[in-house]
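What follows is one structure encoded as structure tokens, with my remarks underneath.
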Protein chains: 2
Amino acid sequence: MARKTGSHSDITGPLVREAAQRLFARYGYAAVSMRQIAAEVGVQAGALYLYTPDKQTLLFNLMKTHLEELHSAWAAEPKGETPQDRLEVFSRFHIRFHLDRPEEVFIAYMELRNLEPENFAVIESLRRAYEAELESILSDGHTAEEFRAPDIRLATMAIIAMLTGVNTWYREGGRLSRDRVERIYCDMVRRAAGA
Amino acid sequence: MARKTGSHSDITGPLVREAAQRLFARYGYAAVSMRQIAAEVGVQAGALYLYTPDKQTLLFNLMKTHLEELHSAWAAEPKGETPQDRLEVFSRFHIRFHLDRPEEVFIAYMELRNLEPENFAVIESLRRAYEAELESILSDGHTAEEFRAPDIRLATMAIIAMLTGVNTWYREGGRLSRDRVERIYCDMVRRAAGA
DNA sequence: TGCATATCTGAACAGGCGTTCATTTCAAAG
DNA sequence: CTTTGAAATGAACGCCTGTTCAGATATGCA
């Protein structure tokens, strides 16, 4: 097996990431063996250790990359003028970004408990920083008296849960288009925030 | 160390359930061995098979029992008069019931993919039946023109995700009392539903 | 007291785990 | 055409897995 073209595996590295991601998302970190990942790549288990120091780091890097991409994608998003605009931009961004990466999202939520403590701390703080982005929008909206949510922290958690929940049921080609879903959720989010 | 009192283990059976629940919730089904469960109970691994035919059935029964209790608790809940009342009763019930059972809830959400197909189908249909309870409230509210949610199915999913999300952050003795959390979420749910 | 029965042990089974490493393979560079 | 060195193999390491079962243990009943 192994190399078919190209060789000098600048190619195998990414393949390992992708195989691990696919398998972790489908069966869970604990249930997937290094030998299964290797088989998916078309390589023997030992060869994986040319690309990762161990299984744990493989998981950690998947999650860390995902959250860093989340942050930089959000940073690149055009901001709205008013808190209301910004809330709408956030809601649509969150749905879009997460629907584009179902495997990464699934792993980031389900495999937290399989991270060693130091790794967990890193991931957790990235996640909190993202939540803080929404919280500051709600906070600004409260100051500007555009929103009337009774508790900003709870509204933050409720809205994130609501938006991320889309990933659990949305299927491409279903009853509603992505854009329609985004629109409807924006509406519910706006009202939940008291706008 | 085994039996301390009582004996004739009408006692060991429940202990096995409880140990499995605790460990599955903390480390995940795949990461927990029968020997760990046995150690927690104070028994050798082989003895577990007096109480369950296998590990999979242990998981399945935990999830099935949880969902059956959810259904019967909801059935026992006093219903409100108007759709608005019923929505409030549902919201408070959902938060209360789930906060009372963090381990069961965690397992029911995280271990779905570790169920064998037939078992998965059973659990999935119980979960759907519960969602249908909320959906019918929203549907009635729509008919009565009390709610103005743009899409009943999406509002159902959004509200369930929002409410279940409380389990991820609520800690006893935190900033807000349970009752205060219930109240605030009721408010957000009502507005999201367009009431 | 002794018998029957439920409970549990401890060893065994066949196989899988993450990880390491001496050895082989093979494309590119000199 | 040889040398170099990265890439991959395949066997081995010690340990853990779910499950079975013959045998030991302890209890409740006659």
Side-chain angles (χ1 to χ4, degrees), chain A residues 1-24 26-62 107 111 113-119, chain B residues 1-24 26-62 107 111 113-119:
Chain A
M1 303 297 98
R3 271 333 33 66
K4 339 195 100 108
T5 69
S7 204
H8 258 279
S9 291
D10 312 314
I11 258 183
T12 307
L15 283 183
V16 170
R17 276 188 79 88
E18 286 158 28
Q21 182 164 109
R22 197 164 41 245
L23 291 170
F24 288 168
R26 180 126 61 201
Y27 304 108
Y29 174 77
V32 171
S33 73
M34 293 300 268
R35 283 171 180 82
Q36 280 172 68
I37 298 169
E40 194 89 344
V41 177
V43 110
Q44 293 298 316
L48 296 182
Y49 292 84
L50 260 29
Y51 305 96
T52 183
D54 51 37
K55 192 188 177 191
Q56 167 75 198
T57 305
L58 202 46
L59 173 63
F60 173 63
N61 284 335
L62 286 174
I107 292 171
E111 305 298 352
R113 65 177 157 194
N114 289 308
L115 289 174
E116 285 158 15
E118 324 89 88
N119 292 340
Chain B
M1 290 304 95
R3 275 324 39 64
K4 340 195 98 107
T5 68
S7 206
H8 257 281
S9 291
D10 312 314
I11 258 182
T12 306
L15 283 183
V16 170
R17 276 187 79 89
E18 286 158 28
Q21 184 164 106
R22 196 163 43 245
L23 291 170
F24 288 168
R26 182 125 60 201
Y27 304 108
Y29 173 77
V32 171
S33 72
M34 293 300 269
R35 283 171 180 83
Q36 281 172 66
I37 297 169
E40 194 91 345
V41 177
V43 108
Q44 293 298 316
L48 296 181
Y49 292 84
L50 261 31
Y51 305 96
T52 182
D54 51 37
K55 193 188 176 192
Q56 167 76 199
T57 305
L58 202 45
L59 173 64
F60 173 62
N61 283 336
L62 286 173
I107 292 170
E111 306 298 352
R113 64 175 157 195
N114 289 307
L115 289 174
E116 286 158 13
E118 324 87 88
N119 292 341

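What you see is a predicted model; the values in this text were computed from it and never measured. The sequence lines fix the lettering, A, B, ..., with proteins before strands; numbering per chain opens at 1.
- For the pair A:Ile37 CD1 and C:dG16 C1', the computed distance is 14 Å after rounding to whole Å.
- For the salt bridge (Lys or Arg N to Asp or Glu O under 4.0 Å) test, no residue two or more places apart in sequence or in another chain qualifies with B:Glu116.
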All N/O contacts under 3.5 Å from nucleotides 11-16 of chain D to the protein, with atom names and distances to one decimal?
unit_1 : atom_1 : unit_2  : atom_2 : d
D:dA12 : N6     : A:Arg35 : NH2    : 3.4

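- Rounding to whole angstrom units, CG of residue A:Leu48 and C1' of C:dC17 are separated by 14 Å.
- Comparing D:dA8, D:dT19, C:dC8 against the side chain of B:Met34 picks out D:dT19 as the nearest.
- Heavy-atom nearest nucleotides on DNA chain C were determined for A:Ala47 and for A:Val32, and the one closer to the 5' end corresponds to A:Val32.
- Contact between the side-chain N/O atoms of A:Tyr49 and the OP1/OP2 oxygens of D:dA7 is not found at any separation under 4.0 Å.
- The residues A:Glu111 and B:Arg113 are annotated as salt-bridged, a charged nitrogen and a carboxylate oxygen being separated by less than 4.0 angstrom.
- Closest approach of B:Lys55 to B:Val32, counting heavy atoms only: NZ-O, 2.8 Å.
- For A:Leu50, the side-chain atoms get nearest to D:dA7 when compared with the rest of D:dT9, D:dA7, C:dT9.
- Here the C1' atom of nucleotide D:dT27 and the CD1 atom of B:Ile11 are 15 Å apart, to the nearest Å.
- Rounded to the nearest 0.5 angstrom, B:Glu18 CD and B:Leu62 CG are separated by 10.5 Å.
- Following rounding to the nearest Å, A:Gln44 (CD) and D:dT9 (P) show an atom-to-atom distance of 5 Å.
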Step-by-step side chain to side chain contact (heavy atoms under 4.5 Å, CB included) determination, B:Leu59 to B:Ile107: CA-CA 9 Å; B:Leu59 173 64; B:Ile107 292 170; 3.8 Å; yes

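- For the atom pair CG (A:Leu48) and CG (A:Leu58), the distance works out to 7.5 Å, reported to the nearest 0.5 Å.
- To the nearest 0.5 angstrom, B:Ile37 atom CD1 is 12.5 Å from B:Arg17 atom CZ.
- Looking at the side chain of A:Val43, the nearest of the listed nucleotides D:dG18, D:dT9, C:dC8 is D:dT9.
- Closest to the side chain of A:Tyr51, out of C:dT7, C:dT19, D:dA7, is D:dA7.
- A sub-4.0 Å separation between OP1 or OP2 of D:dA8 and a side-chain N or O of A:Thr12 is present.
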